[in-house]
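Quick note: residue numbers are just sequence positions, from 1. The structure presented is a predicted model; accordingly, all values stated were derived computationally and were not measured.
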Amino acid sequence: MTKNQKIFEGIDTLVDAEGIERDLVIEGLEEAIVIACRKYYDVEDVDVCFNYETKRVTIYAEKEVVDINEIGEFYESSLHLSLEEAQEIKKNIKVAERIKYKLKLVPELMDRSTIQTAKQVFRQKIREAKYRKIIIDYGDKVGEVIYGNLEEYKAPYFYFSLLGNIDAVLPLKFQIEGEVIKPDMPIMLVLEEIAPQSKKGPKLTVSRSNTKIVKHAMTQTIPEIKKGLIEIVSISRDAGNRSKVAVKLTTTQDVDIIGSCVGPKGQRINDVRAMIGGENIDLIEHFDDPIIYISNSLAPSLVTAVQILDENEKISRVIVPDDQLSLAIGARGQNVRLASKLTGWKIDIKSETEAKKEGISFEDDII
């Protein structure tokens, strides 16, 4: 077996052992040999070629031919070759011409440091190749719903495998608290970010708490939404606990907007809930009239009156029956917070008794 054959046999071994593409290994070795040649042969312009088909390695250096007496202190051995040295390689070469000559693949060029350099080079190339694949496959999907299978859980992170054998991470801030994710079935995720290329490789961050998951689940489950008869206008979400979804008709057809979303015996909305971690969903009918819309958004509580305090700043006040105050506000303010986010209005809630004590008249605003 020749020296070159041993080199290419080593390439095959590395390919099999590491699962790396052969072209990447060869590119890594070529770049590593270039670096080694620059040091060993004192040459800057080097071309190395590993021909896998012929099992040959060729190395060429190129320098400018100079008259040392004329160039003087500007002479650089890595860039220049004296006329005398050049003429030993090519008799009719002249000053100012460039000469290309062959270098030997000596054992010193394949020492431990060269192999180590080669490994670093093709590891970087692998990262670059993975990043290119990610950009091609997922670059236009940031902010969209995708599907992945749970591969591993290392607290506090979930790791998913996406289509195309791409890995993604679900960090704590995008998780649904207490959700149990089964590893044997695809799960909806929103691609939040593709991190820039780094030494650790490409990183995709996904979310389970994004409101787009609720919208996607409802679109896939409720035919009237999928057909465009019902439009999802807005969603506010406390992931894993409660979502409020504002819907409206886009057709003059006689469609039961809330009933269509709920489905027979609640089957449709229950299917949606199962897809998004089991959280409750308040279905709110959207109205262009902010008074009616704000009132609806505070479901399941009853509302006595809605007052628009500042239309430009979207500030409102809502009066509710005394026994509805805690329900309107919700545990830790959840209900009013979600209603405010859903409608885009600031909502100040007061009970009827509180309003009367503060001298707030609301009789003319009763809904």
Side-chain angles (χ1 to χ4, degrees), residues 144-150 153 158 160 170 174-192 206-251 253-287 293 295-303 324 326-343:
E144 293 185 7
V145 173
I146 57 177
Y147 284 83
N149 286 83
L150 180 64
Y153 174 68
F158 287 92
F160 291 87
L170 174 62
F174 293 136
Q175 294 173 21
I176 297 175
E177 185 177 357
E179 182 180 32
V180 177
I181 300 176
K182 297 179 181 180
D184 56 345
M185 59 183 296
I187 189 170
M188 284 190 298
L189 306 161
V190 169
L191 179 56
E192 292 284 346
V206 293
S207 171
R208 279 287 290 164
S209 60
N210 195 297
T211 58
K212 290 181 180 178
I213 287 181
V214 179
K215 183 175 183 178
H216 186 80
M218 291 183 67
T219 302
Q220 296 300 309
T221 305
I222 301 167
E224 288 81 359
I225 293 177
K226 195 168 188 177
K227 293 175 183 177
L229 302 177
I230 296 175
E231 177 188 349
I232 296 174
V233 179
S234 178
I235 300 174
S236 59
R237 188 182 188 198
D238 184 356
N241 196 332
R242 181 178 296 274
S243 283
K244 286 183 180 286
V245 182
V247 291
K248 72 174 183 179
L249 286 178
T250 62
T251 177
Q253 296 181 33
D254 186 17
V255 177
D256 180 356
I257 186 168
I258 301 299
S260 296
C261 294
V262 172
K265 298 182 179 179
Q267 185 60 51
R268 290 178 180 176
I269 204 65
N270 285 336
D271 288 345
V272 173
R273 292 184 61 215
M275 296 167 72
I276 63 173
E279 68 197 55
N280 294 315
I281 298 176
D282 294 336
L283 294 168
I284 310 298
E285 186 170 358
H286 175 273
F287 283 86
Y293 190 25
S295 176
N296 287 352
S297 72
L298 286 166
S301 73
L302 300 176
V303 172
Q324 296 289 303
S326 60
L327 186 61
I329 294 172
R332 298 182 298 278
Q334 182 196 69
N335 195 55
V336 68
R337 184 174 64 252
L338 290 177
S340 179
K341 193 171 183 180
L342 184 78
T343 61

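For E179, the salt bridge (charged side-chain N to carboxylate O under 4.0 Å, His left out) partners at least two apart in sequence or on another chain are R208. Checked against salt bridge (charged side-chain N to carboxylate O under 4.0 Å, His left out), D282 has the following partners two or more places apart in sequence or in another chain: R242, K244. With sequence neighbours left out, the side chain to side chain donor-acceptor pair (under 3.5 Å) criterion links H216 to Y147. A search for side chain to side chain donor-acceptor pair (under 3.5 Å) contacts involving N210 returns E192, not counting sequence neighbours. Not counting sequence neighbours, F287 has no partner by the ring-ring contact (aromatic ring centres under 6.0 Å, His included) test. When the side chain to side chain donor-acceptor pair (under 3.5 Å) test is applied to E144, no partner is found at least two apart in sequence or on another chain. When the ring-ring contact (aromatic ring centres under 6.0 Å, His included) test is applied to F160, no partner is found at least two apart in sequence or on another chain. When the side chain to side chain contact (heavy atoms under 4.5 Å, CB included) test is applied to K182, the partners found at least two apart in sequence or on another chain are D184, M185. For S209, the side chain to side chain contact (heavy atoms under 4.5 Å, CB included) partners two or more places apart in sequence, or in a different chain, are F174, S207, A239. In terms of the side chain to side chain contact (heavy atoms under 4.5 Å, CB included) criterion, residue partners of Q324 (sequence neighbours excluded) are, by chain and number, S301, L302, V320, P321, L327.
Shown here for M218 and L283, the closest heavy-atom pair between the two residues is CE-CD2, 3.8 Å. Of all heavy-atom pairs between V303 and S295, the closest is CB-OG, 3.7 Å. Closest approach of I176 to G240, counting heavy atoms only: CG2-CA, 3.2 Å. Heavy atoms only, all atoms of each residue included: L342 and S297 are closest at CD2-CB, 4.1 Å. Of all the heavy atoms in A328 and N335, the pair that sits closest is O-ND2, 2.9 Å. Shown here for V245 and V214, the closest heavy-atom pair between the two residues is CG2-CG1, 4.0 Å.
Side chains of D238 and R337 form a contact here, defined as non-hydrogen atoms less than 4.5 Å apart. Taking the side chain as every heavy atom from C-beta outward, V272 and I281 approach each other to under 4.5 Å. Put simply, the side chain of I187 does not reach to within 4.5 Å of the side chain of L150, judged on heavy atoms.
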Donor-acceptor list for residues 219-233 side chains, cut-off 3.5 Å, not counting sequence neighbours:
from: T219; atom 1: OG1; to: K215; atom 2: O; distance (Å): 2.8
from: T221; atom 1: OG1; to: A217; atom 2: O; distance (Å): 2.7
from: E224; atom 1: OE1; to: R268; atom 2: NH1; distance (Å): 2.8

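Atom CD of residue E285 and atom SG of residue C261 lie 10.0 Å apart, to the nearest 0.5 angstrom. Summarising the geometry, atom CG belonging to L189 is positioned 5.5 Å from atom CD1 belonging to I146; distances are rounded to the nearest 0.5 Å. Between atom CD1 of residue I257 and atom OG1 of residue T251 there is a gap of 11.0 Å, rounded to the nearest 0.5 Å. Residue L338 holds its CG atom at 12.0 Å from CD1 of I235, rounded to the nearest 0.5 Å.
Sorted by first and then second residue, the pairs that involve residues 270-280 and meet side-chain hydrogen bond (donor to acceptor under 3.5 Å, both in side chains), not counting sequence neighbours, are R237-E279, S243-E279, Q267-D271, R273-N280.
Taking the six-membered ring for Trp and thresholds of 30 and 60 degrees, Y153 and F158 have ring planes inclined between 30 and 60 degrees apart.
At least one donor-acceptor pair closer than 3.5 Å links the side chain of S260 to the backbone N or O of D256. In this structure, Q175 contributes its side chain and L170 its backbone to a donor-acceptor pair below 3.5 Å.
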